[in-house]
Structures are given as C-alpha cells and as structure tokens.
Number of protein chains: 2
Amino acid sequence: MLNHGAVDRIFHALGDSNRRAIVERLSRGTMSVSDLAKPLDITLAAVVQHLQVLEESGLVRTEKIGRVRSCQLEPGGLRVAEDWLSNRRGLWERRFDRLGELLDGPERPNPTPRKKTKT
Amino acid sequence: MLNHGAVDRIFHALGDSNRRAIVERLSRGTMSVSDLAKPLDITLAAVVQHLQVLEESGLVRTEKIGRVRSCQLEPGGLRVAEDWLSNRRGLWERRFDRLGELLDGPERPNPTPRKKTKT
DNA sequence: TCCATACTTAAGTATCTGCTTGACCATCTA
DNA sequence: TAGATGGTCAAGCAGATACTTAAGTATGGA
C-alpha cells in the first residue's frame, strides 16, 4: 500500500481524527501550532508531526514568523479530495440512471445534466 | 483517536489505497468479491477484510446471492465525506472573502498574518 | 454424488502509526 | 542578559493495521 500520489497522501492525512480536527479548526481561521495543540489532548510534538503530514499532503500551509509558526488551510487540497469523491459518486449515479431508463422508461424524476457520453 | 462516528469510519476507510481502489471499481458497476480481487495483488481474504471495513463505514453495500457476494457502492457514504470537505472549505473561503473585503477589495492573494496582539 | 467455485474465518506476523519523553534551539520580553 | 515562550528533533514504544496462510463452509454444475 505504498502508493504516493497526491490523492493518496490527502486521503491518508484525512484518515486520522486528530488531523481532521486540525483541519476543522483551521477552517475557522489561521492559527499557531500551540493554539492548535490546546484542545487536543496530545503533546505539542505530536501536533507538529500531524502538521508535517498535513503540509506534505498539501492540505495545510505554514509559515514561520519570529518564533511562531502560523498555519492555514490550503483549500485546494480539500478540493482534490472533494473532486475524487464527487467523480466516483457521479459515475455511480449516472450508471444508475441509465439502468433506471432501461428498466422502466424515461421517467426519471432527477434529470442528470447530460453532456457528451464519454466512451 | 478512538473516535467512531460515521465521518470517522468513512475517512478511515478511505485512508487506504486498496479500499479506494475498490470504491473506484465499484463506481463503475456492481461486482463480485473475486472480480474485485482480480486486479488487486492481494489475496481474496484481504479483499474480504477491506470490504468489511467499507461496509461498516456505509460506503459499500453487499448482498449474498447463492454463493456469490455482490457488492455495490452506497453513494450516501461518499456524500457524507464530500459534505464534510465542502463545509470546511466553505468556511475557510467565506472567511477569506470577508478578510479580502476588509483589506481593500475582492482580490487579495495573500492575507497578512496578524501577529501583534497577545491574548 | 463428486468436484469446483466462491467465499469465510481464525490465527499469526511484519510493518506502520500515533504518541511520548527529553534534549535542544530561536526568539521575545523584562 | 536571563528566563520564558514557542517550536524542533530524535529515539523508542505500544498498539493498530494490512496482510498472509490454512482450514472450513455453502452453493452450483456435471
């Protein structure tokens, strides 16, 4: 399971609940490492390690100013994950619609915006 | 990190690349366990274990018909993850916009991190 | 009935992960 | 300049995780 594309790193990073908690807090605003650590019931060092993972995955950007490291969300990272999910869901739901058509005619209450059929 | 809400289970499940590969294939159509296993370079038993995790997280539904277990995607599971992500991103981007307005216009690429106030 | 197919389950293992401790460095404030 | 504050780094450990093997069950077909 040693893959390591961008998507892999992002979903791996989001797989941990403390890291998701960090993303959650950062979505409400930029924050220092020790501010992030405060409500987290783990040591500062552990938070730093989580931040490393988050930064390598592209979900978070950090910048050190003086002795304080300021952390902020990188929305593009979230976007990548979101897109992966919505593409998969889209594929499935389109397939499902087509099956519905086959089974009982063109009576779909949910009009999927159809573009060109690829493949 | 022994949380275990729905979101936790879903992101944990998506954290593994083989499990994501399974979701990927299932997004293209219903499939049996051994069909899923074929391109995966791990044993059938391992695939069954991954499917267990996916099913418990609500990302996949399976049904046994005769001796074949047929697996399909549960789009609602993907939806939960998607929503979590887009909510966080939304929060961040809305904050970002507001800050941009405050500063001087709708196009601030780099919000200056404020550092002077203590407490 | 016999064999193959399609899983299922349990037990064991190697590797990974999250976390801690403790020593350390850099910056700020009095 | 001294001490406090904020963060960094490395080593090590316990438990989680992904995986394997091996033995077993249920179903389908000849």
Side-chain angles (χ1 to χ4, degrees), chain A residues 1-5 8-26 29-57 59-72, chain B residues 1-5 8-26 30-57 59-72 113-119:
Chain A
M1 94 131 177
L2 273 271
N3 224 324
H4 267 314
D8 290 83
R9 274 194 295 265
I10 287 172
F11 276 105
H12 174 251
L14 291 170
D16 179 85
S17 63
N18 275 327
R19 281 193 296 262
R20 267 188 338 273
I22 289 174
V23 167
E24 171 104 53
R25 316 252 329 282
L26 287 181
T30 297
M31 215 172 279
S32 76
V33 179
S34 36
D35 280 348
L36 279 171
K38 259 168 214 155
L40 274 186
D41 228 39
I42 55 178
T43 59
L44 225 209
V47 174
V48 170
Q49 287 164 23
H50 283 310
L51 279 168
Q52 242 151 46
V53 174
L54 287 166
E55 198 163 10
E56 277 157 24
S57 76
L59 284 163
V60 163
R61 194 181 353 152
T62 76
E63 187 191 2
K64 191 149 186 181
I65 300 161
R67 61 184 167 172
V68 175
R69 178 167 299 273
S70 139
C71 309
Q72 66 175 264
Chain B
M1 92 130 171
L2 270 286
N3 225 322
H4 266 315
D8 291 82
R9 273 194 295 265
I10 287 172
F11 276 106
H12 174 251
L14 291 171
D16 179 84
S17 62
N18 276 326
R19 282 194 294 263
R20 265 187 341 272
I22 289 174
V23 167
E24 170 104 52
R25 318 251 328 282
L26 287 180
T30 298
M31 215 172 280
S32 76
V33 178
S34 36
D35 280 349
L36 280 171
K38 259 169 215 156
L40 275 186
D41 230 40
I42 54 176
T43 58
L44 226 209
V47 173
V48 170
Q49 287 164 22
H50 283 310
L51 279 168
Q52 242 150 47
V53 174
L54 287 166
E55 198 162 10
E56 276 156 24
S57 76
L59 284 163
V60 163
R61 193 183 351 154
T62 76
E63 186 192 2
K64 192 149 188 181
I65 299 162
R67 62 185 165 172
V68 176
R69 177 167 300 274
S70 140
C71 310
Q72 65 176 265
R114 278 298 124 136
K115 62 163 178 178
K116 61 171 150 189
T117 37
K118 181 181 177 176
T119 349

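A note on names: the letters A, B, ... follow the listed sequences, proteins ahead of strands, and every chain is numbered from 1.
- If you check D:dT8, D:dT20, C:dT9 against the side chain of A:Val48, the one that comes closest is D:dT8.
- OP1 or OP2 of D:dC19 sits under 4.0 Å from a side-chain N or O of B:Asn18.
- Applying the 4.0 Å criterion to OP1 and OP2 of D:dG7, one finds that A:Ser34 has a side-chain N or O inside that range.
- Counting to the nearest Å, the P atom of C:dC7 and the CD atom of B:Glu55 are 13 Å from each other.
- Between A:Thr43 and the phosphate of C:dT20, there is a side-chain N or O to OP1/OP2 separation shorter than 4.0 Å.
- Salt-bridge annotation for B:Arg25 and B:Asp35: absent, with no side-chain N of the basic residue lying under 4.0 Å from a carboxylate O of the acidic one.
- Sorted by residue number, the members of residues 64-71 of chain B with any non-hydrogen atom under 4.0 Å from DNA chain C read B:Lys64, B:Arg67, B:Val68, B:Arg69.
- Residue B:Gln49 places a side-chain atom within donor-acceptor reach of the base of D:dT20, judged by atom type and a 3.5 Å distance cut-off alone.
- In this model, the phosphate group of C:dT17 is not approached by any side-chain N or O of A:His50 to a distance below 4.0 Å at OP1 or OP2.
- Close to C:dC16, at under 4.0 Å from its OP1 or OP2, lies no side-chain N or O of A:His12.
- Both A:Arg19 and A:Ala45 lie close to DNA chain C; mapped to their nearest nucleotides by heavy-atom distance, the more 5′-ward contact belongs to A:Arg19.
- When the C1' atom of D:dG7 is taken as reference, atom CE of A:Met31 falls 17 Å away, rounded to whole Å.
- Atom CG in A:Leu54 sits roughly 13 Å away from atom C1' in C:dG18 (whole-Å rounding).
- Atom pair A:Leu44:CG and C:dA23:P shows a separation of 17 Å (rounding to whole Å applied).
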